[in-house]
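First the structure, in the form of structure tokens, and then the observations on it.
Naming: A, B, ... by sequence-line order, numbering from 1 per chain. As a basis for the values below, the full set of heavy atoms in this structure was taken, side chains included, without hydrogen atoms, waters or symmetry mates.
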Amino acid sequence: MAKKVRVRFAPSPTGGLHLGGVRTVLYNYLFARRNGGDFVLRIEDTDQTRFVPGAEEYIINCLKWCGLEPDEGPHVGGDYGPYRQSERKSLYRQYADRLVKSGHAYYAFDRPEELETMRERFKTPENPTPQYDRNVRLEMRNSCSLTLEETETLLEDGVPYVIRIRMPENETVTFTDMIRGEVSFNTGLVDDKVLLKADGMPTYHLAVVVDDYLMKITHAFRGEEWLPSAPVHVLLWKYLGWESEMPQWAHLPLILKPDGNGKLSKRDGDRLGFPVFAMNWTDPKTNDLTTGFRELGFLPEAFVNLLAMLGWNDGTPQELFTLTELTEKFSMDRVHKGGAKFDFEKAKWFNHEWIKKLPVEHYRPMVSAFLEAKGIAVGDEAYLDKVMTLVKDRCTLLTDFYEQSKFLFETPAQLDLDAVKPKWNADKKDFFEAAANEIQEATSWKAIDLETSFKALAAAKNIKPGEVLLPLRIMLVGGKFGPGVFDIAELIGKAETVKRINNALQQL
RNA sequence: GCCGCGUUCGUCUAAGGGUUAGGACACCACCCUUUCACGGUGGUGAUACGGGUUCGAAUCCCGUACGCGGUACCA
């Protein structure tokens, strides 16, 4: 019987959740759902110096907003907890010790300054960044270069130390990546990574292996930036004697900045004017606010959809997918190898499509909140739904509903009279006065009937409908935009329509 | 520098030896619309380069270039 699929998303809580991070979550989630497996959230907070309060809660909220909720995690529990590495601290040491005993790791007593000296000493034009590896290992202060007695003395004296992996001289580590196929590294070219830090915390390299093992992770998906350290992890699985349980790896392509090259960063978002975080993030230290997709007016359905398509497709021309469809169709072997540049225009297109596609009730609360934040008295839901239905085709972001529907809630404060004045004359004034009266007496309040009688009146007054339609629009809307004028009149009602016409007449 | 991973229209991508290299975003034009959008139709536009293998290469192999990632007691 095949093992139950278990995957994890393992962020470090150092700030806002980035686009690439959410996509990693998505692919994990989809893979788990597709294969009837579990999706675990594990917080990798082993670097105490980079801990940011609130970041974990923020990440959990992002996942909730996206609808990508984990089956296990610090907030929901599970059989493999704790799910914060800081709370698992005591677990890791025994494995580091085991590696020392078996000779695959060693104690290193070098202080930061000594490491710096080493890097300076071995630095050459051909080797600008010397590594702590087999070439310098014996030149440093560690249990490889020291005698057993010296090492023991240092340990007994409480001299701070780290535990480093001893990378083999010249072996080839090969593993199969689900996206890239077979990948090989020569161990002689990889450095002796620190596994256990002086403060007793594991580094990522030890923690990821130990926790993936303990949590019975079967498939490990992460960003491509981890590929170079994969051989260290593969070796640790082997040295710890867990080789047969090593997860299958998949290193996801990076999401790149739209202009130039390189990984998409928060700074690029600021610079290019689009968000890179899922939701608003306020840095607790600086109080800097970084805008998120949610607050900008993105629908979670669209956000998830667009992220899914950044590096994956199902082989058909279909681009619009619900989360459910994605879970049915997702497969890791259709994930791309190459990175994808993020295109905000396309992102907005996805959102526009979702606004048109979803029933308005579905996102009414969000639109309602945006409108209220702008001071609009939204009124009852039935009316809001009619408004949204009328204008949604012209909204790309949920925040666009404000500009597109403001005049359906309030009398426009400013009228674009310049669009009317040049062709304004006594005949038109006369026409609109008559129109106001006729509208006042109207028995039907349907857009189609209004249009018919309005045009009939124009004909009776010998005026082309085209000459009074724009003025009417300006009177009701305030500007040259918006849905059909008679649809607008129908929505705002008879009294308001007459009021706006008379109001405009006074200004002309 | 070294190691690794990549490379199809401006962007996201399809095509897993045989297609006029297809679609989407963006852009342009036209149509629809007595507003602005939506929508519809059409258009511009790509296999990085050089060698192989093959009857035949975007596709397989090698090299080159370019890009990205890594090279921390950060993840």
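- Note on A:Val391: nothing from the nucleic acid sits closer than 4.0 angstrom, heavy atoms only.
- Residue pairs meeting the salt bridge (Lys or Arg N to Asp or Glu O under 4.0 Å) criterion with at least one member in residues 177-206 of chain A, sequence neighbours excluded, are A:Arg137-A:Asp192, A:Arg180-A:Glu224, A:Asp191-A:Lys193.
- In textbook terms, a nucleotide whose glycosidic angle is within 90° of 0 is syn, while B:C68, being further out, is anti.
- When each of B:G69, B:A72, B:A75 is scored by its nearest atom to the side-chain atoms of A:Glu44, the top-ranked nucleotide is B:A75.
- Mapping A:Glu182 and A:Gly311 onto RNA chain B by nearest heavy atom places A:Glu182 closer to the 5' end of the strand.
- Across the P atoms, B:U19 and B:A57 are found 10 Å apart, a figure rounded to whole Å.
- Residue contacts for A:Ala198: at a heavy-atom cut-off of 4.0 Å it reaches a base atom on one of the strands shown.
- Among the nucleotides B:C25, B:G39, B:A72, the one closest to the side chain of A:Arg119 is B:A72.
- Across all strands shown, B:A65 forms a Watson-Crick or G-U wobble pair with B:U7, both key distances being under 3.5 Å.
- The interatomic distance linking A:Trp312 (CH2) with B:A24 (C1') rounds to 15 Å, in whole Å.
- Nucleotides B:C9 and B:A15 have their C1' atoms positioned 15 Å apart, rounded to a whole Å.
- Straight-line distance between the P atoms of B:G10 and B:G69: roughly 22 Å, to the nearest whole Å.
- Distance from the side chain of A:Gln131 is smallest to B:U71 among B:C74, B:G23, B:U71.
- For the P atoms, the distance linking B:A21 with B:U44 amounts to 14 Å, nearest Å.
- Within the nucleic acid shown, A:Lys392 has no heavy atom closer than 4.0 Å to any nucleic acid atom.
- Pairing partner, B:U35: none, since no Watson-Crick or wobble contact has both distances short of 3.5 Å.
- For A:Lys341, whose side chain is taken as the heavy atoms from C-beta onward, the closest listed nucleotide among B:C3, B:U71, B:C12 is B:C12.
- Taking the six-membered ring where the residue is Trp, A:Phe175 and A:Phe185 present parallel rings, their angle staying beneath 30° rather than reaching 60°.
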Does the side chain to side chain contact (heavy atoms under 4.5 Å, CB included) test come out yes or no for A:Asp212 and A:Arg8, once each step is laid out? CA-CA 8 Å; A:Asp212 281 351; A:Arg8 82 297 194 272; 2.9 Å; yes

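- Looking at heavy-atom distances under 4.0 Å, A:Leu227 makes contact with sugar-phosphate atoms alone, never a base.
- A:Phe303 and A:Phe298 have perpendicular rings, their planes meeting at more than 60° on a 0 to 90° scale where under 30° would count as parallel.
- The same atom, P, is picked in B:G22 and in B:A46; the two are 11 Å apart, to the nearest Å.
- At the phosphate of B:A15, OP1 or OP2 sits under 4.0 Å from a side-chain N or O atom of A:Arg334.
- Within the nucleic acid shown, A:Asp110 comes within 4.0 Å of at least one base atom, counting heavy atoms only.
- Comparing atom distances between the A:Asp343 side chain and each of B:G10, B:C38, B:A75 picks out B:G10 as nearest.
- Pair check for B:U41 finds B:A29; Watson-Crick or G-U wobble, both atom distances under 3.5 Å.
- Residue contacts for A:Asn127: at a heavy-atom cut-off of 4.0 Å it reaches a base atom on one of the strands shown.
- With respect to the salt-bridge test (charged N to carboxylate O, under 4.0 angstrom), the residues A:Lys428 and A:Glu467 qualify.
- One P atom belongs to B:G50, the other to B:C27, and the distance between them is 34 Å to the nearest Å.
- Side-chain atoms of A:Lys346 come within donor-acceptor range of the base of B:A24, with a qualifying N/O pair under 3.5 Å.
- Between A:Leu235 and A:Thr187 the shortest side-chain heavy-atom distance falls below 4.5 Å.
- Which of B:A75, B:C5, B:C25 sits closest to the side chain of A:Arg180 comes down to B:C5.
- Among the protein residues, A:Gly482 comes within range of the nucleic acid bases, having at least one heavy atom under 4.0 Å from a base atom.
- Within the 4.0 angstrom heavy-atom criterion, only backbone atoms of the sugar-phosphate kind lie near A:Ser12; the bases stay farther away.
- Within the 4.0 Å cut-off from OP1 or OP2 of B:U34, not a single side-chain nitrogen or oxygen of A:Lys480 is found.
- In this structure, of B:G6, B:A24, B:C74, it is B:A24 that holds the atom nearest to the side chain of A:Glu319.
- Nucleotide B:U53 is matched to nothing when pairs are restricted to Watson-Crick or G-U wobble geometry with both distances under 3.5 angstrom.
- Nucleotides B:C25 and B:C60 have their P atoms positioned 29 Å apart, rounded to a whole Å.
- Across all strands shown, A:Val162 has heavy atoms under 4.0 Å from base atoms, whether or not it also approaches the sugar-phosphate.
- Side-chain proximity of A:Asp191 to the nucleotides B:A75, B:A72, B:C68 is greatest for B:A72.
- Using a distance-only test at 3.5 Å, with no hydrogens or angles considered, no donor-acceptor pair links the side chain of A:Gln131 to the main chain of A:Asp133.
- Taking the charged nitrogens against the carboxylate oxygens, A:Arg271 and A:Asp268 do have a contact shorter than 4.0 Å, which makes a salt bridge.
- A:Pro11 comes within contact range of no nucleotide atom at all, as no heavy-atom separation falls under 4.0 Å.
- Residue contacts for A:Thr124: at a heavy-atom cut-off of 4.0 Å it reaches no nucleic acid atom on any strand shown.
- Within 4.0 Å (heavy atoms only), A:Lys348 reaches no atom of the nucleic acid at all.
- The residue A:Pro125 sits close only to the backbone: its heavy atoms come under 4.0 Å of sugar-phosphate atoms, none of a base.
- Out of B:C74, B:G4, B:G1, the shortest distance to the side chain of A:Glu126 is found at B:G1.
- The side chain of A:Leu470 approaches B:U35 more closely than any other nucleotide in the set B:U35, B:U71, B:A75.
- The partner of B:A46 is absent, by the rule that a Watson-Crick or G-U pair needs both atom distances under 3.5 Å.
- With C1' as the reference atom, B:G45 and B:A24 are 14 Å apart, rounded to whole Å.
- Between B:G70 and A:His205, no contact under 4.0 Å exists linking OP1 or OP2 to a side-chain N or O.
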